[in-house]
Amino acid sequence: MLKVYNTLSKEKEEFHPQIEGLVKMYVCGVTVYDFCHIGHARAYVVFDVIRRYLRYKGYKVTYVQNFTDVDDKIIKRAAEKGILPLDLSKAMIAEYFTDMERLNIALADSYPKVSEHMEQIISFIEELIAKGYAYVVKGDVYFEVRKFKEYGRLSKRNIEDMQAGVRIEVNQDKRDSLDFSLWKSAKLNEENVSWDSPWGKGRPGWHIECSAMSKEYLGETFDIHGGGHDLIFPHHENEIAQSEALSRNPMAKYWVHNGFVKTNKEKMSKSLGNYFTVRDVLKDNEPMALRLLFLMTHYRAPINYSIEEIKETKVAYDKICKALNIKHVAESTVPEMKIAAYRQQFQDAMDDDFNTAKAVALVFNIVHALNKSQDKKLSDLLQEFVAVLGITTQVSEQVIPEEVETLAKERLEAKNSKNWALSDELREKINDCGYQIEDRKDGYTLKKI
RNA sequence: GGAGACGUCGCCAAGUGGUAAGGCCGUGGUCUGCAAAACCGCUAUCGACAGUUCGAAUCUGUCCGUCUCCUCCA
């Protein structure tokens with residue numbers, strides 16, 4: 001029985017999708033004004049694994065992830081670069097896909113963008129106004145938080161507490177400082193990112209896009225709504241307010257939030273400037289090492305990222321690959337019972353709120369058993385689990401430079417003629433080239449250090 | 001100030017009542033011409049204190065330490 005931790009109840013709940021056999025999930029995507037950092041990468045790896053596991057369990061999964069391509073920061077960054085905001089976001093979306101593909105994150109079923117859903121967003125806002133949940137002031141539209149009685153249910157805070165801690169500048173136009181924007185009127189120099197609306201030219205506030213687009217693609221109620229921990233408040237709280245004010249139905253059954261990636265024990269974020277981009281990290285690290293690094297920690301716990309950490313994980317990753325590269329000479333002797341037991345353990349781990357850390361531990365147990373037995377069934381099983389975790393094992397671009405290959409061949413000759421001195425000398429040279437040679441019965445293997 | 005999370009081997013990290021998974025590192029050995037890889041071993045009583053219990057890393061309380069949200073943020 002799969003159990004999922006629901007932020008809404010703060011408990012692990014048995015997972016039952018609305019429609020038997022079909023899981024509808026919506027994951028908040030990135031605001032595309034810059035390259036993704038590894039905090040983003042973690043979020044999408046997490047939800048990618050959740051999706052893969054649900055499929056493994058036999059569910060059909062509809063996965064929707066948006067792109068926020070209309071936003072203050074995009075406008076600002078584009079202005080700095082002297083390009084159009086939508087050109088910037090378009091370029092960054094392409095970069096997003098480049099990064100995620102390297103991490104083996106499967107494509108979503110759809111990637112709705114704000115700029116392409118103005119109609120839905122505008123009519124959503126109109127309905128909110130009609131029902132008395134929103135009001136218009138000078139071309140801006142605000143959601144009136146106090147009208148939605150359940151406000152604060154997700155983030156577990158009450159309106160009065162929030163009032164006390166308000167530090168944001170008071171906006172005179174709002175009826176209440178907690179009210180948030182549904183529609184922002186166009187300011188000077190924003191012609192390029194403005195759309196016509198009943199309230200004049202402008203653009204949507206941040207939260208409304210997810211309410212409007214999730215409804216469009218998944219309906220009023222869907223199963224899993226995911227995102228980073230930092231989205232719980234205000235983003236998801238506000239989404240709930242908007243969506244449920246209209247539909248009077250739960251927006252999502254399960255609210256799932258992943259923990260942060262930190263550096264030096266601080267949250268990694270664009271505003272703090274303490275982040276590593278996916279690109280930079282993958283420049284000299286194996287993508288699957290990063291993926292494995294994420295999966296070795298439970299998705300809700302924070303991860304403190306460091307260079308040392310990923311280097312260590314690379315060693316662990318290589319271990320998995322090596323085990324899978326074993327040539328199976330022996331007949332399989334592992335009983336089906338044993339295989340079934342492993343499979344059960346794997347599912348028990350994943351059923352427990354997607355405990356990938358536990359699942360990965362099992363993977364290493366199998367690696368160990370496989371190294372000992374060289375059993376085909378174990379190899380297949382390992383392959384099966386690794387696929388659910390989305391870890392690919394064909395090592396990327398293992399092109400051995402010709403000179404290294406030549407040195408290795410010379411060394412093999414020296415070795416065969418028992419010229420140990422020359423053999424060791426050549427091994428040194430190979431090391432200097434950044435490769436390591438491992439002897440095998442039938443020759444050798446070369447590995448990039 | 002309000003809300004919440006965490007503190008497990010040198011490092012990373014599972015485990016939420018029955019006696020400590022896994023990875024990295026280190027280390028002894030087997031194998032090897034020597035290495036590497038692999039294999040066989042070794043390495044923790046769970047932040048502190050008090051309590052509940054036959055029994056606690058796991059529950060309660062206090063304290064110490066770290067972090068997050070309350071503002072854009074995966």
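Numbers restart at 1 for each chain; the letters A, B, ... are given by sequence-line order, proteins then strands.
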Taking any heavy-atom pair under 4.0 Å as a contact, classify [X]: base, sugar-phosphate, or nothing.
X	result
A/Gly39	base
A/Arg427	base
A/Phe47	nothing
A/Thr297	sugar-phosphate
A/Val27	nothing
A/Asn371	sugar-phosphate
A/Thr445	nothing
A/His298	sugar-phosphate
A/Glu308	nothing
A/Gly226	nothing
A/His368	sugar-phosphate

Residue closer to the 5' end of RNA chain B, A/Lys73 versus A/Lys12 (nearest nucleotide): A/Lys12

Earlier contact from the 5' end, RNA chain B, for A/His40 and A/Gln436: A/Gln436

Which base sits across from [N] as a Watson-Crick or G-U pair, both distances under 3.5 Å?
N	value
B/rU19	none
B/rU45	none
B/rC25	none
B/rU66	B/rA5
B/rC31	none

Whole-Å distance between [N] [atom2] and [X] [atom1]?
X	N	atom1	atom2	answer
A/Phe294	B/rA13	CZ	C1'	15 Å
A/Arg300	B/rU68	CZ	C1'	15 Å
A/Leu293	B/rC12	CG	C1'	9 Å
A/His236	B/rA74	NE2	P	10 Å
A/Lys372	B/rC40	NZ	P	4 Å
A/His235	B/rC70	NE2	P	13 Å
A/Lys262	B/rU68	NZ	C1'	8 Å
A/Tyr444	B/rC34	OH	P	22 Å

Side chain to side chain, A/Gln65 and A/Tyr44, heavy atoms closer than 4.5 Å: yes

Close side-chain approach of A/Val70 and A/Glu209, heavy atoms under 4.5 Å: no

Work out how far the [atom1] atom of [N] is from that of [M], and round it to whole angstrom.
N	M	atom1	result
B/rG55	B/rC42	P	31 Å
B/rG65	B/rA48	C1'	10 Å
B/rG22	B/rG41	P	12 Å
B/rA13	B/rG51	P	32 Å
B/rU60	B/rU53	P	15 Å
B/rC64	B/rC11	P	24 Å

Where the side chain of [X] is defined as all heavy atoms beyond and including C-beta, which of [options] is the nearest nucleotide?
X	options	value
A/Asp439	B/rC67, B/rC25, B/rA35	B/rA35
A/Met296	B/rG23, B/rA21, B/rG33	B/rG23
A/Lys322	B/rA37, B/rG23, B/rU68	B/rA37
A/Trp420	B/rC67, B/rG33, B/rA36	B/rG33

Centroid-centroid under 6.0 Å between A/Tyr96 and A/Phe67 rings: yes

A/Phe354 and A/Phe15 aromatic centres sub-6.0 Å: no

Interface residues of residues 347-364 of chain A with RNA chain B (non-hydrogen, below 4.0 angstrom): A/Asn355, A/Ala357, A/Lys358, A/Ala361, A/Phe364

Does [X] put a side-chain nitrogen or oxygen below 4.0 Å from OP1 or OP2 of [N]?
X	N	value
A/Lys76	B/rC72	no
A/Lys319	B/rG23	yes
A/Lys267	B/rC69	yes

Nearest non-hydrogen partners of A/Ser243 and A/Met251, listed with the distance: OG-CE, 3.5 Å

Contact summary for A/Ser181 and A/Tyr142, nearest pair of heavy atoms: OG-CE2, 3.6 Å

Name the pairs: protein N/O against N/O of nucleotides 3-11 of chain B, kept only if under 3.5 Å.
unit_1: B/rA3; atom_1: O2'; unit_2: A/Lys156; atom_2: O; d: 3.4

Residues 227-237 of chain A side chain polar contacts: donor-acceptor under 3.5 Å, at least two apart:
unit_1: A/Asp230; atom_1: OD2; unit_2: A/Lys267; atom_2: NZ; d: 3.4
unit_1: A/His235; atom_1: ND1; unit_2: A/His207; atom_2: ND1; d: 2.8
unit_1: A/His235; atom_1: NE2; unit_2: A/Glu239; atom_2: OE2; d: 2.7
unit_1: A/His236; atom_1: ND1; unit_2: A/His257; atom_2: NE2; d: 2.8
unit_1: A/His236; atom_1: NE2; unit_2: A/His225; atom_2: NE2; d: 3.4
unit_1: A/Glu237; atom_1: OE1; unit_2: A/Leu154; atom_2: N; d: 3.3
unit_1: A/Glu237; atom_1: OE1; unit_2: A/Ser155; atom_2: N; d: 2.7
unit_1: A/Glu237; atom_1: OE1; unit_2: A/Ser155; atom_2: OG; d: 2.5
unit_1: A/Glu237; atom_1: OE2; unit_2: A/Gly152; atom_2: N; d: 3.0
unit_1: A/Glu237; atom_1: OE2; unit_2: A/Arg153; atom_2: N; d: 3.3
unit_1: A/Glu237; atom_1: OE2; unit_2: A/Leu154; atom_2: N; d: 3.4

By side chain to side chain donor-acceptor pair (under 3.5 Å) - contacts of A/Gln344 (at least two apart): A/Asp348

Salt bridge (charged side-chain N to carboxylate O under 4.0 Å, His left out) contacts in which one or both residues fall within residues 303-314 of chain A, not counting sequence neighbours: A/Lys314-A/Asp318

Face-on cation placement of A/Arg77 at A/Tyr33 ring, 6.0 Å and 45° thresholds: no

A/Val388, A/Ile105, A/Thr356, A/Leu54 screened by side chain to side chain contact (heavy atoms under 4.5 Å, CB included) with A/Val49, the one that passes: A/Thr356

A/Ala245: partners by side-chain contact (heavy atoms from CB on, under 4.5 Å), with sequence neighbours left out: A/Leu128, A/Tyr133, A/Phe143, A/Phe148

A/Glu150 CD: over 12 foreign heavy atoms closer than 6.0 Å: yes

